[in-house]
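Structure record follows, encoded as structure tokens.
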Number of protein chains: 2
Amino acid sequence: MAVVKGPTVYDVAERAGVSIATVSFAFSQPHRVKDSTRNAVLDAARALGYVPSASARGLARGRTGALGLFSFDFLNFLPDAEGMKKDRAAAVVAPNDDCRLFPVWVDEVQRGVELESFSRGYALMIGGGNRASSERAVTDIAGRVDGLIIFPRTIPDEVTRRISARIPVLELSEPSHGDGLHHVTVDNASGMRQLMEHLIDVHQFRKFVFVSIPNVETEARYEAFNAVLRDHGLEVPPVVESRPGASGVTAELVTKLLGSGALPDCFVCANDEEALVVMETLKAAGVSVPDQVAVTGFDGVVAGRLVSPTLTTVRQPMELMGRTAVEILVDAISQPLAPLVERQLPVHLVVRESCGCAKT
Amino acid sequence: MAVVKGPTVYDVAERAGVSIATVSFAFSQPHRVKDSTRNAVLDAARALGYVPSASARGLARGRTGALGLFSFDFLNFLPDAEGMKKDRAAAVVAPNDDCRLFPVWVDEVQRGVELESFSRGYALMIGGGNRASSERAVTDIAGRVDGLIIFPRTIPDEVTRRISARIPVLELSEPSHGDGLHHVTVDNASGMRQLMEHLIDVHQFRKFVFVSIPNVETEARYEAFNAVLRDHGLEVPPVVESRPGASGVTAELVTKLLGSGALPDCFVCANDEEALVVMETLKAAGVSVPDQVAVTGFDGVVAGRLVSPTLTTVRQPMELMGRTAVEILVDAISQPLAPLVERQLPVHLVVRESCGCAKT
DNA sequence: ATGAAAGCGCTAACAA
DNA sequence: TTGTTAGCGCTTTCAT
């Protein structure tokens with residue numbers, strides 16, 4: 001039944017009455033072998049159920065033919081995703097009627113990476129891990145691939161540096177900071193500017209609150225947020241800090257604001273997750289969105305369309321980010337000496353209901 | 001800058017002043033080496049930026065430490081997904097405000113596979129391809145992993161048979177048919193029965209049309225559909241055949257039904273995709289769902305919650321299917337002689353609006 | 001057009 | 001506790 005050991009080139013060669021080199025050639029350079037020989041080899045391979053070992057092939061060639069994506073398990077990654085974890089646990093066994101968590105932007109980027117990898121003849125190795133095991137996990141997958149894509153801020157610089165000495169590594173979203181990595185970023189500033197101008201010009205909003213976890217990515221958004229306010233001579237409020245996934249924290253902050261009676265015209269959130277939490281909190285407090293206060297997000301995850309009111313946001317071209325990452329990596333693999341590339345992709349304002357625009 | 005060749009065990013061994021075996025031990029069986037030695041090795045490795053080669057490791061060990069998922073690109077896989085392809089092409093460059101296609105059930109299963117693989121210490125190799133290249137692609141990834149998961153009906157039996165002689169292979173959704181594969185299925189019959197009884201008992205529907213592509217999976221659903229009708233002494237209609245993703249075909253069929261004036265009480269669709277197309281067609285024809293006719297799906301994809309009216313359907317435990325598949329495979333890897341397993345998972349009726357149940 | 005043979009980097013007996 | 005050494009299965013010169 002279950003054969004313990006699969007056939008190798010040696011078996012195929014013996015059965016076809018040729019040498020192992022010929023077997024190898026028959027597969028990799030068919031034109032270099034006589035037709036009759038090639039057929040004999042192919043027949044033997046088929047008869048034996050030959051499946052080439054990628055390990056052996058990779059070892060001999062020095063390349064694996066696979067790309068890697070270190071797709072951290074964000075549920076086990078974020079320090080305070082307990083609530084989400086419970087939701088997921090429930091969803092595994094019960095009918096999952098709450099789809100808010102899926103897919104997040106990570107999933108959409110991944111899909112782009114997959115499609116582009118396949119169409120370029122690469123297999124995709126996906127690695128994962130929680131924060132504790134991330135170094136081991138990422139090193140493991142790095143050893144399996146010819147090029148690696150990582151999500152922003154998931155891996156210590158020291159580790160990516162070591163890996164990028166061996167294979168090209170591309171970090172998503174994060175702007176380059178003299179690391180030895182390739183980058184695919186989005187034009188956060190422009191997106192935020194479009195959004196703010198819509199809010200100020202169309203809705204006449206004047207008083208804003210920015211909800212965010214401070215990091216390099218949201219920093220660019222916050223700076224653009226500020227710049228627009230300054231340009232319009234409006235008051236620049238401090239950031240309301242929160243942490244993504246930490247419903248408790250964001251909710252608490254919003255509740256505090258509510259208590260103080262200092263409701264702004266609009267909550268501008270650094271990403272959709274925050275925005276969803278804010279909307280939920282407001283709803284729970286009996287505050288109507290967008291009638292009493294507007295809320296906006298940033299990212300354009302699917303969930304933004306599920307909620308009511310639907311979420312006005314700035315959409316990143318997630319699938320394109322994934323595809324672009326692969327493109328860059330494949331080039332870098334074939335030209336190891338080429339300079340690092342950093343490519344910026346455009347974003348698009350998506351006007352829905354939560355800013356106060358009418359239902360369509 | 002870009003180092004051409006990464007350091008190997010030999011380099012680490014030399015730098016640490018030990019043999020390559022010791023380096024290997026220091027990593028794989030830390031307790032078997034003296035503390036001072038292990039530290040010397042680890043330091044050397046760190047200093048050199050050592051990244052173990054999975055190819056070499058895999059070759060030597062006979063196992064790769066990775067699981068495989070052959071996740072066909074369904075857009076290039078289905079013969080008639082031209083419309084969907086165009087949608088996706090647009091979505092890549094433009095703001096994707098039509099999320100109907102994402103995620104489909106495949107994505108949710110994949111997520112389950114990923115999470116379970118990671119938590120069990122396996123990396124996940126994802127392969128893909130269109131129908132033309134599927135044999136080569138699946139063989140390629142089979143050579144890279146210790147166990148393989150495939151989606152139903154994507155790979156010819158002959159090919160899976162060859163692969164399963166080498167590593168355990170698990171097919172999703174499809175019931176076993178004497179292939180040498182492991183299986184994870186769902187209880188389609190029970191789900192359809194629950195659904196039909198709801199439609200008959202609660203809504204008093206009597207006249208049904210079943211919309212489906214005929215295949216083994218939907219066959220089970222159609223059989224259960226028929227059985228329930230017979231049990232209730234109701235007329236058993238013929239299947240209205242369509243093809244998934246082929247909006248044109250399903251739409252045409254529905255239009256024909258509309259023209260003949262023979263509208264049923266309810267369109268029971270073999271899956272959600274069909275149901276969404278049916279609803280769209282009815283809407284375009286000015287027929288109100290669920291007021292004039294009800295529609296139901298099967299699968300429970302996220303999109304079913306996006307549409308209006310929301311889709312009544314039967315939800316499969318997609319993530320659990322993925323996790324279960326990994327669990328079975330990991331067991332099979334450690335016990336190559338154990339018998340093939342086929343595990344059936346329960347489904348859940350999800351009552352929403354399209355059957356006529358009130359908005360909640 | 002084909003074969004012989006030298007590795008690719010690592011693991012795992014077996015020795016020491 | 002550590003070192004020696006023989007592969008793991010395949011690719012790739014270099015001969016023939």
Side-chain angles (χ1 to χ4, degrees), chain A residues 3-42 44-45 48-66 139-140 142-146 166-167, chain B residues 3-42 44-45 48-66 139-140 142-146 166-167:
Chain A
V3 178
V4 174
K5 217 72 194 97
T8 72
V9 267
Y10 295 98
D11 302 311
V12 176
E14 183 178 357
R15 171 145 186 158
V18 298
S19 75
I20 60 166
T22 302
V23 173
S24 181
F25 284 144
F27 281 104
S28 55
Q29 315 186 39
H31 58 278
R32 286 196 40 179
V33 238
K34 203 173 18 174
D35 275 23
S36 59
T37 315
R38 174 159 23 88
N39 288 332
V41 170
L42 263 30
L48 257 27
Y50 173 61
V51 177
S53 155
S55 294
R57 193 192 295 260
L59 221 209
R61 278 221 264 248
R63 304 177 304 101
T64 66
T139 301
D140 175 83
R144 302 171 176 275
V145 299
D146 298 331
R166 208 176 195 281
I167 56 173
Chain B
V3 177
V4 174
K5 217 71 195 96
T8 71
V9 267
Y10 296 97
D11 302 310
V12 177
E14 183 178 356
R15 170 143 186 160
V18 298
S19 75
I20 59 166
T22 302
V23 173
S24 182
F25 283 145
F27 281 103
S28 56
Q29 315 187 35
H31 57 279
R32 288 198 38 179
V33 278
K34 201 174 18 175
D35 275 24
S36 60
T37 315
R38 172 159 25 88
N39 288 332
V41 170
L42 264 29
L48 257 27
Y50 173 62
V51 177
S53 155
S55 294
R57 192 194 298 261
L59 221 209
R61 278 220 266 245
R63 306 177 303 102
T64 65
T139 301
D140 175 82
R144 301 170 175 277
V145 301
D146 298 331
R166 208 175 195 283
I167 55 173

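Keep in mind that the numbers below use all heavy atoms, side chains included, and drop hydrogens, waters and symmetry copies. Lettering of chains follows the sequences in order, A, B, ..., and the numbering in each one begins at 1.
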### Task
Classify the nucleic acid contact of B/V18 as base, sugar-phosphate or nothing, counting any heavy atom under 4.0 Å across all strands shown.
sugar-phosphate
### For atom CD of B/Q29 and atom P of D/dT2, their distance in whole Å
13 Å
### Query
Can you check the A/D35 CG to C/dA1 P distance for me, whole Å?
10 Å
### Query
In whole angstroms, how far is the C1' atom of D/dG9 from the CZ atom of B/R144?
15 Å
### Whole-Å distance separating the CD atom of B/E14 from the C1' atom of D/dT2
18 Å
### Query
Within this structure, what is the CG-to-C1' distance between A/L59 and C/dT11, rounded to whole angstrom?
12 Å
#### Entry: Residue B/F25, side-chain atoms from C-beta onward, closest of D/dG3, D/dG9, C/dG9
D/dG3
### Query
Which part of the nucleic acid does B/S28 contact within heavy-atom distance under 4.0 Å: base, sugar-phosphate only, or nothing?
nothing
### Query
Using a cut-off of 4.0 Å on non-hydrogen atoms, how would the nucleic acid contact of A/Y50 be classed: base, sugar-phosphate, or nothing?
sugar-phosphate
## Note on the structure
Judged by nearest nucleotide, the residue sitting upstream toward the 5' end of DNA chain D, B/R32 or B/A60, is B/R32
### Contact under 4.0 Å: A/T22 side-chain N or O vs C/dG3 OP1/OP2
yes
## Note on the structure
Taking D/dT11, D/dG9, C/dG9 as options, the one with an atom nearest any side-chain atom of B/S53 is C/dG9
#### Entry: Nucleotide nearest A/K34 (side chain, heavy atoms from C-beta), chosen from C/dT11, C/dT2, D/dT11
C/dT2
#### Entry: Under-4.0 Å side-chain N/O to phosphate OP1/OP2 contact, B/S24 with C/dT11
yes
### Message
In whole Å, I'd like the distance from the CZ atom of B/R63 to the C1' atom of C/dC10.
### Response
14 Å
### Query
When rounded to the nearest 0.5 angstrom, what is the spacing between CZ in B/R57 and CG in A/L59?
12.0 Å
### Query
Among all residues two or more places apart in sequence or in another chain, which pass the ring-ring contact (aromatic ring centres under 6.0 Å, His included) test with B/F25?
none
### Task
Considering only NZ, NE, NH1 and NH2 on the basic side and carboxylate oxygens on the acidic side, decide whether B/D11 and B/R15 come within less than 4.0 Å.
no
### Query
Any side-chain heavy atom of B/S53 sitting closer than 4.5 Å to one from A/T64?
no
### Query
Does B/S19 place a side-chain N or O at less than 4.0 Å from the phosphate oxygens OP1/OP2 of D/dG3?
yes
### Query
Rounded to whole angstroms, how far apart are CD1 on A/I20 and P on C/dG7?
15 Å
#### Entry: Side-chain N or O of A/R57 closer than 4.0 Å to phosphate OP1/OP2 of D/dT11
yes
### Any N/O donor-acceptor pair, B/Y10 side-chain to C/dC10 base, under 3.5 Å
yes
### Check: A/R38 side chain, A/P30 main-chain N or O, donor-acceptor pair, under 3.5 Å
yes
#### Entry: Atom-pair distance (CG on B/D11; C1' on C/dC10), nearest Å
13 Å
### Query
Are any non-hydrogen side-chain atoms of A/Y50 and A/V9 less than 4.5 angstrom apart?
yes
### Task
Taking only the side-chain nitrogens and oxygens of B/T37, find out if one of them lies under 4.0 Å from OP1 or OP2 of D/dT2.
yes
